[in-house]
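Only heavy atoms go into these numbers, but all of them, side chains included; no hydrogens, no water, no symmetry mates. As the structure is a computational prediction, the values presented were derived from the model and not from experiment.
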Amino acid sequence: MITGASSGIGKQVALALAEKGWRVIGTGRNPDRIAQAQDEIRVVSQTGEVEMIRADLSLLAEAMELADRIKALTARVDLLANNAGGMAREMIMTAEGLEANFAGNHLGPFVLTNALLPLLRTAAKESEPGRVRIINTASDASEMIPSINLDDMQNLQNFSPGLAYCTGKLANVLFARALASRLGDDGIAVHAVHPGAVDSNFFSYAPDDTQERARELDKVSEQEGADTLIWLATEEEGGLTSGGYWFRREARAPNPFVEDAAAVDRFWRESEKLVNKVLGA
């Protein structure tokens, strides 16, 4: 299961796994890109089992609906790649009353992952320990702020596009660490990945000054950006540890805030509070 599989590194992950014989379920937001990606992935698929679903993960109700649709398609999930994400140009509040960038980068994946845990646990019971994996696409932007304001994780009182993006990416790493401690007994490995600056359409939605700076970055191809995620998903190394943060197939030191167990635990509780305000306890 790969979110954000209609373009960029998500599509490269879907292509690689389909070619290796995996059944692939992916998501996207743009219907035309979804249709095109589904056709491309089916061409290389060994099984022909490729389903693409439209979903906007900034809306928690859609994240829950997506989980229900996945449950209708399969009884098990061996890999969940929380890859969809983006950077906002400005503060936008969703119809559910959440800041859209934080909701799309963290809260939607948080809801989806928790809703799919029964399917991941089913797969884990039938697999070797560490074979079932959850991988979050993060960024070194997670390292560019000292912490998350746990009293205002959406930055409603201090919003800027850059801070919002860094907060969302740090949330991806914190979420991986928090999940790892909760799923250790289930034999499910969890990781976060920094793919590097990727030459994709990602920056096209960013503020103008960010797009200008991005033009000067030394970017990797979409295939290169997807490499570590694919490696963690398919190779033995991805199941030997859990809770890690990776770059170019090597463990990378995360933001020191991630090493604060009390902060990680509170981050989880604050995420639950935001979700429960929308979906109910």
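Side-chain atoms of N114 come within 3.5 Å of backbone N or O of F110 as a donor-acceptor pair. Between the Q157 side chain and the D152 main chain, no donor and acceptor come within less than 3.5 Å of each other. K169 places a side-chain N or O within donor-acceptor distance of the main-chain N or O of T137, the cut-off being under 3.5 Å. Side chain of Q12 to backbone of A226: no donor-acceptor contact under 3.5 angstrom is found. A distance-only check finds a donor-acceptor pair linking the side chain of Q38 to the backbone of M52 [under 3.5 Å]. The backbone N or O of A100 lies less than 3.5 Å from no partner atom in the side chain of T94, so there is not a single donor-acceptor pair. Remark: side-chain polar atoms of N83 are paired, donor with acceptor, to backbone N or O of G4 under 3.5 angstrom. Without hydrogens or angle criteria, N101 side chain to G86 main chain gives a donor-acceptor distance under 3.5 Å. The main-chain N or O of A178 is found under 3.5 Å from a side-chain atom of R182 such that the two form a donor-acceptor pair. With T47 contributing its side chain and G21 its backbone, the two residues share no donor-acceptor pair below 3.5 Å.
Under the 4.5 Å side-chain criterion, counting only non-hydrogen atoms from C-beta, S6 is not in contact with R29. Residues L119 and M1 form no side-chain contact, since every pair of their non-hydrogen atoms from C-beta on lies 4.5 Å or further apart. No side-chain heavy atom of N155 sits less than 4.5 Å from a side-chain heavy atom of F102. Side-chain contact check for V278 versus V111: every heavy-atom pair is 4.5 Å or farther apart. When side chains are defined from C-beta on, R177 does not count as touching Y245, because their heavy atoms never get closer than 4.5 Å. Looking only at side-chain heavy atoms (C-beta outward), S127 and D78 come within less than 4.5 Å of each other. Residues E143 and R252 meet the side-chain proximity criterion, which asks for heavy atoms closer than 4.5 Å. The side-chain heavy atoms of S139 and M87, taken from C-beta on, include no pair separated by under 4.5 Å.
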Query raised in the report: After noting the C-alpha distance and the side-chain angles of R121 and L183, does the key distance pass the side-chain contact (heavy atoms from CB on, under 4.5 Å) rule?
Result: CA-CA 9 Å; R121 288 186 170 114; L183 299 180; 3.5 Å; yes

Query raised in the report: After noting the C-alpha distance and the side-chain angles of I134 and L116, does the key distance pass the side-chain contact (heavy atoms from CB on, under 4.5 Å) rule?
Result: CA-CA 11 Å; I134 300 169; L116 292 180; over 6 Å; no

Requested in this report: Starting from the C-alpha separation in whole Å, work towards a yes-or-no answer on side-chain contact (heavy atoms from CB on, under 4.5 Å) for N158 and N149.
Outcome: CA-CA 10 Å; N158 186 33; N149 180 356; over 6 Å; no

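By the 6.0 Å contact criterion, CG on D185 is open, its count of non-hydrogen atoms from other residues, nucleotides or ligands being 12 or less. Within 6.0 Å of NZ on K71 lie more than 12 heavy atoms contributed by other residues, nucleotides or ligands.
Note: M93 CE to Q154 CD = 5.5 Å, rounded to the nearest 0.5 Å. Between the CG atom in L170 and the CE atom in M153 there is a gap of 10.5 Å [rounded to 0.5 Å]. From E40, atom CD reaches atom CZ of R33 across 12.0 Å, with rounding to the nearest 0.5 Å. Within the model, atoms CD1 of I148 and CG of L174 stand 5.0 Å from one another, a figure rounded to the nearest 0.5 Å. The structure places NE2 of H194 at 9.5 Å from OG1 of T228, a figure rounded to the nearest 0.5 Å. Once rounded to the nearest 0.5 Å, the distance linking CG of L15 with CD of E19 reads 8.0 Å.
Across all non-hydrogen atoms, the minimal contact from A103 to P109 is O-CD, 3.9 Å. A pairwise comparison of heavy atoms in A55 and L66 identifies CB-CD2, 4.0 Å as the closest pair. The heavy-atom pair separating M144 from C166 by the smallest distance is CB-SG, 4.1 Å. What you find for S147 and F257 is that their closest heavy atoms are CB-CD1, 3.5 Å. Closest of all the heavy-atom pairs between G130 and A189 is O-CB, 4.2 Å. Taking both residues in full, the closest heavy atoms of P254 and V173 are given as CB-CG1, 4.1 Å, listed atom of the first, atom of the second, then distance.
In terms of the side chain to side chain donor-acceptor pair (under 3.5 Å) criterion, N255 has no residue partners (sequence neighbours excluded). Considering only residues two or more places apart in sequence or on other chains, S271 meets the side chain to side chain donor-acceptor pair (under 3.5 Å) condition with H106.
Counting side-chain heavy-atom gaps under 4.5 Å among Ile, Leu, Val, Met, Phe, Trp and Tyr, the cluster of L17 also holds I2, V13, W22, V24, L79, I135, V193, L229, I230, W231, L232, W246. Grouping Ile, Leu, Val, Met, Phe, Trp and Tyr residues whose side-chain heavy atoms lie under 4.5 Å apart, directly or via other members, leaves L240 alone, with no other cluster members.
Applying the side chain to side chain donor-acceptor pair (under 3.5 Å) test to residues at least two apart or on different chains, the pairs with a partner in residues 57-67 are D56-S58. Listed by first and then second residue, the salt bridge (charged side-chain N to carboxylate O under 4.0 Å, His left out) pairs involving residues 235-246 amount to none (not counting sequence neighbours).
Hydrophobic clustering keeps L163 apart from L156 (ILVMFWY residues linked when any side-chain heavy atoms are closer than 4.5 Å, directly or through intermediates). Residues F159 and L98 fall into different hydrophobic clusters, defined by Ile, Leu, Val, Met, Phe, Trp and Tyr side chains chained together at heavy-atom separations under 4.5 Å. The hydrophobic cluster containing L60 also contains L57, counting ILVMFWY residues as joined when their side-chain heavy atoms lie under 4.5 angstrom apart, directly or transitively. Hydrophobic clustering (side-chain heavy atoms under 4.5 Å, transitive across Ile, Leu, Val, Met, Phe, Trp, Tyr) groups W268 together with L120. Under the 4.5 Å side-chain heavy-atom criterion for Ile, Leu, Val, Met, Phe, Trp and Tyr, F175 and V264 are members of the same hydrophobic cluster.
Using a 4.0 Å cut-off between a side-chain N of Lys or Arg and a carboxylate O of Asp or Glu, K273 and E270 qualify as a salt bridge. The pair R23-E51 meets the salt-bridge criterion, since a charged nitrogen lies less than 4.0 angstrom from a carboxylate oxygen.
Applying the side-chain hydrogen bond (donor to acceptor under 3.5 Å, both in side chains) test between N82 and each of T3, T113, N105 identifies T113 as the sole match.
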